[in-house]
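Chain naming here is simple, since letters A, B, ... match the order of the sequence lines and numbering starts at 1 in each.
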Amino acid sequence: MKKNLVLLLISLLFIMLNAFGQDRAAEPMLPDSNAITSETVYLGNILILSDIPNDGGGGIEIDWELNDSLNNYYITIVRREGRTKKIVASDLLASSKQVRDVNSDEDMSNVKDGTEYFYTAILSKYAVSQQILDYLVCDSIDLNTRTIADGYQVYLISDESGPVKAKASWFNPERLTVFVSAIIISFIFLLYLQFARNGKKLYIRKINGLDAVEEAVGRSTEMGKPIMYILGIGYVTDIPTIAGLTILGRVAKKVAEYKTKILVPSYDPVVMTTAQEVVKEAFTEAGRPDIYNKNDIMYITQDQFGYAAGVDGMMIREKPGAVFLQGLFFAESLILAETGHSIGAIQIAGTTETAQLPFFVAACDYTLIGEEMMAASVYLQKDPLMLGSIAAEDIMKVIIIIIIIIGFILGILGIGLHIEFFNKIFNLLIEIL
Amino acid sequence: MAISTNIWIWIAALLTLAIYSFLYKDNPFYKFAEYLLVGISIGYGVSIYWHNTIITKVYNPLVHEKDFLVIIPLILGLLMFSRFFKSYSHLSRMPIAFIVGAGTGLSIPSSFEFLFKQVQGTMPASLDVGNLIIIVGVITTLVYFFFSMEHKGFVGKVSRIGITFIMIAFGAAFGYTIMARISLLIGRIQFLLSDWLGIIK
Amino acid sequence: MLKGKNIPLAITFIVGIIMIVSFFIPHRPFGDIEQISLRWYSIIAGFTMVLGVDSLLGLHFRKIKRKEENWIHSIFLIAGFVMVFIAGVWGTIQYGSAFDERSFFTYIYNYFIVPLQATMFSLLAFFVASASYRAFRARNRDAALLLITAVIVMLGRVPIGEVISPYLPKFTDWIMEVPQMAAKRGIGLGIALGSLGVAIRIILGIERSYLS
Amino acid sequence: MKFVNFINKLDKRWIYLLIALVVIIPFVFPVGCPMKITPPVQSIYNYIEDSIPENGVLLLGVDYDPSTMAELHPMAKALTYHAFYNNVRVLFVTMFPQGSGMGQDIINRTLEHWNSINPDMPKELGKDITLLAYVPGFSAVILKMGENIPATFNEDAYGNKLDNLSVMEGIKTYDDIDYMVEFSGSSVVLSWLIYANGRYNLKMGIGTTAVSAAEYYNYLQSGQANGLLGGLKGAAEYEKLLTNKHDFSGRNDASVGMDAQSAAHILFILLIILGNITFFIKKHQEGK
């Protein structure tokens, strides 16, 4: 019996030693006994809490200011709501001075508007251990102590700050300047649309290349070749693609009048569907719904270079007499334009991508530069209301030029005018109003 | 090094050559590579769409998170299928109208912000020749885009200066980008000569 | 009524206005609208993909059926599609993700898609040469300006430029930072205004060519 | 006149052939374009040459993917060879899953080539060089490394326990690493500078694409990095420094690339000039 007891004791000792030894081996570093000096032990109330301004609610901003000597420490933030606690952030660098407690896509049930929250900070020299993290969120623990420690290091605990509530704003004042200018710009637009409605004569200057549309379609028809219209690799949510679709409407109408075929290889299925609608409408308007063929507006693939390869192949085999490249183009611009040139087609290109414009200028017969492309549909169908919107754009250009010149002159005068100055003027104006 | 014995490298190399053969003229090899690329990339696209849209954005929210708001785009998406039936195909205009409305609506505030940033960026931080040239360049380029007046007289002269700036910018952008294009070609040649043929070390 | 343009136009108008308003209102539900609408867009686009695939495969099935020109290639196209699609689905089932390193899908990506794309992309080096040879002729003042700047920047970007003159790389940087930047800004401002114009014309229903 | 007509009607396939030739020829016969070494490149070279002791440790961050590989791969290779020459241990680390493939590719190629030309001082995977396993977490990983590198990764990318690898001997934290060069065209560079350099005083250099070089130049001026390799040109300069000292029989990717690049640019310019000469001759004749 005694013998057994001794054996049991020895084996227990062994297990303990073993456990101890393993523990030592797993522990990467020893605690630094000098890590926390007596004058830094008391942290006090270091967290400054505030609702994140101008957001949709559900966000608290936590700021802190620490003595430089603590900047290399890790900070862990714990949030308390009633008795439930949550780790908001751990292992942050104290020198980052700020963290936001917000809802994310993965965790939507985080901060609720109108609830009172309290926050506590925990400072440590080394990364916080899981053991301590579990301890911190434990319901029964009261974080009223100044320090806690595990086997390796001492943790400093701040006083609890709070309460703070999150709230949602109904207006974002940071966007006030944009708001005011939006109103001014909308006003200018509506004014000019009204002018147009009242029959004011509006002019649009010649846009090189658009006069050639008729010629390009006509020549293709004579040669018995189809027209190809390439909308680039944008989506229907991109304005250049929408602009390209509006030009397609005008071109397709001419095509229908000439009773020719128009091929529209598309990159995006939604663009394809919309292009089908556009072409169908144009053919109907021209009185030729009978020659509209849905299959001529086809989908290629949603892969930039797969699309380029497919369109290139189609160009080489169908040999269109005129190629239109209108929309959003990236690196594939020149691949398409060079192939189009090699088959001898008249090419009319247009895009808003400044990096691609030089390639179009080099390889195509006509190129619509940026805004010219946006205005092209108006040019091709000189509807008074549309002309009104173009005139409004011009007025805004004048305003921008004036602002730049004023800014420059004031700059010379040494006032150092920047956009903040305008912000101030806007704010002042609003207060007066 | 010697010629590669890896079947995958061979596939990649032969496909590379098939695409290059297009530079000589259209031929069955290019056609093969082209059709294969289109077919593969669309299969790839569908797989991705299947995973990213149907599973992540429709199935999971609907089944796991009980987010019934997803039903609206689901219906709009299904309305697109009305195009398969001639007499109902007009229904597909609803989703198109939604997408176009959302796209244009979202673009308006970002256009405003863009305008602001650009004007702000043009304001000189300091006065020197460079900044002066930038201001002249921006203003004259803008004048070139005046549509509602004829480019004659003073406006004509200013817009000529604008076109000068535009041409310089195009030339510069052209010269600047081609470097990256040649790097790509170098990369492909390296693959062919080294990984595949092994004729260079 | 349902067949007319009015309902779609009203949808465009209402959706457009909501998008603009929500930019200024962070409060729920407006604050989340941008994200939600983008998610909705991708759902609708996902369904439309079926139309796209129908369009493409339909075309090639017709070609095969009628034994049109290149019909044999159409078989490869359809085979490629089926192969990748099955590999994608299988990879997802087998490894949880089609992009797992062991998945056949990943091999197809690395040894079919990547080289094909990269080679298509590298064709640009050839096309840049032929386009610049053909088009860069000093026909008039504008063309001359374009080609001279292009040549200067090309030289300034490679070591030869520095051999010719140490100022060349610096001058290149200056061109990029000053006149290039100025014109880019001017074009950018024009594009922003033009986009506003297009967007307003569409939301107000002045431009309605996309609805038949 | 015949010549002018020929040039004017020149089939563009001849131009394609010329382009292919000027890119391929430098691979077979490297020229080694004259190049001025810029100070940011020189200072990275000097640091590795003079300030890292024998058996020291060089950490290389490979945070790029195939799209920028053409520019960044040659840099990483050149630095690896430099470390081999000086008997410095090399550790690769990546914050991106795609970077893992890039790192393994460099290790395979450099090891194979080095051992074929220097059989008397062979280098070994796990002894002289390795790639740390990819661990998700970005800046958290960079921070954790400051405390304990072996515990952050546990294994290398080949599945070996770091504790068993002689390449890891004596490496615990950033204090045991002599120098780090981060190769990337993205904002990862920033994380490394802020956390590893800012908090743990790790001495750092940057390797980046030609496009991003201008932006990262600021960190050079602020002293956060002591050197910078920008694009193919930076890599080519480094290769030149290396070959000036050592008799290197391998291919200098970047120098070859730079040769091809220069040749192509010159060809473009010649084509433009030729095109214009014929254009003016023709115009002159038509004017008569």
Of the listed residues ([options]), which shares the most heavy-atom pairs with chain A below a 4.5 Å separation?
options: Leu196(C), Ile191(C), Leu51(C), Asn70(C); result: Ile191(C)
options: Ala135(C), Ala131(C), Ala118(C), Gly58(C); result: Ala131(C)
options: Gly52(C), Ala143(C), Pro26(C), Gly190(C); result: Pro26(C)
options: Phe126(C), Tyr41(C), Phe121(C), Phe136(C); result: Phe121(C)

In terms of heavy-atom pairs under 4.5 Å, which option from [options] contacts chain C the most?
options: Leu245(A), Asn295(A), Asp113(A); answer: Asn295(A)
options: Met396(A), Glu393(A), Glu332(A), Gln381(A); answer: Glu393(A)
options: Ser333(A), Ala275(A), Ala362(A), Gly249(A); answer: Ala362(A)
options: Thr339(A), Ile242(A), Asp303(A); answer: Asp303(A)
options: His341(A), Met272(A), Lys167(A); answer: His341(A)

Could you tell me which non-hydrogen atom of [X] sits nearest to which non-hydrogen atom of [Y], and how far apart they are?
X: Ser377(A); Y: Glu207(C); answer: OG-OE1, 3.4 Å
X: Pro269(A); Y: Ala45(C); answer: CG-O, 4.3 Å
X: Val198(C); Y: Ala243(A); answer: CG2-CB, 4.4 Å
X: Ala363(A); Y: Arg134(C); answer: CA-NH2, 3.3 Å

Geometric class of the Phe171(A)/Phe24(C) ring pair [parallel <30°, tilted 30-60°, perpendicular >60°]: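 The arrangement is parallel - the two ring planes meet at less than 30°.
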
Ring geometry between Trp170(A) and His27(C) (parallel below 30°, tilted from 30 to 60°, perpendicular above 60°):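 Plane angle under 30°, so parallel.
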
Residue [X] versus chain C: region with a heavy atom under 4.5 Å:
X: Leu248(A); value: neither
X: Asp394(A); value: neither
X: Glu338(A); value: side chain
X: Phe179(A); value: both
X: Val279(A); value: neither
X: Glu372(A); value: neither
X: Phe359(A); value: side chain
X: Thr273(A); value: side chain
X: Met386(A); value: both
X: Ser342(A); value: neither
X: Ser186(A); value: neither
X: Thr354(A); value: side chain

Test log, rule side-chain contact (heavy atoms from CB on, under 4.5 Å), inputs Leu38(C) and Thr237(A): CA-CA 9 Å; Leu38(C) 289 178; Thr237(A) 42; 5.5 Å; no

Rounded to the nearest 0.5 Å, what separates atom [atom1] in [X] from atom [atom2] in [Y]?
X: Ile401(A); Y: Leu189(C); atom1: CD1; atom2: CG; value: 9.5 Å
X: Ile187(C); Y: Thr352(A); atom1: CD1; atom2: OG1; value: 10.5 Å
X: Phe189(A); Y: Ile200(C); atom1: CZ; atom2: CD1; value: 4.0 Å
X: Ser130(C); Y: Leu334(A); atom1: OG; atom2: CG; value: 7.0 Å
X: Tyr299(A); Y: Leu57(C); atom1: OH; atom2: CG; value: 10.5 Å
X: Leu204(C); Y: Leu385(A); atom1: CG; atom2: CG; value: 9.5 Å

Less than 4.5 Å to any heavy atom of chain A: does that hold for the side chain of [X], its backbone, both, or neither?
X: Leu146(C); answer: side chain
X: Leu116(C); answer: neither
X: Val50(C); answer: neither
X: Ile202(C); answer: side chain

Enclosure of Phe76(C) CZ (heavy-atom neighbours >12, cutoff 6.0 Å):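 No, CZ of Phe76(C) has 12 or fewer neighbouring heavy atoms, counting only those of other groups under 6.0 Å.
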
Crowding at CZ, Phe330(A) (>12 non-hydrogen neighbours, <6.0 Å):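 Yes, the 6.0 Å shell around CZ holds more than 12 heavy atoms from other groups.
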
Side chains of Gln302(A) and Met49(C) in contact at under 4.5 Å (non-hydrogen atoms):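 Side chain of Gln302(A) against side chain of Met49(C), heavy atoms only: contact under 4.5 Å found.
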
Flag, side chain of Arg201(C) to backbone of Ser389(A), donor-acceptor distance under 3.5 Å: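 Between the backbone of Ser389(A) and the side chain of Arg201(C) there is no qualifying donor-acceptor contact (under 3.5 Å).
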
Thr48(C) side chain vs Val270(A) backbone, donor-acceptor pair below 3.5 Å: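 No, because the side chain of Thr48(C) does not come within donor-acceptor range (under 3.5 Å) of the backbone of Val270(A).
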
Ionic contact status for Glu353(A) with Lys184(C), cut-off 4.0 Å: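 No.
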
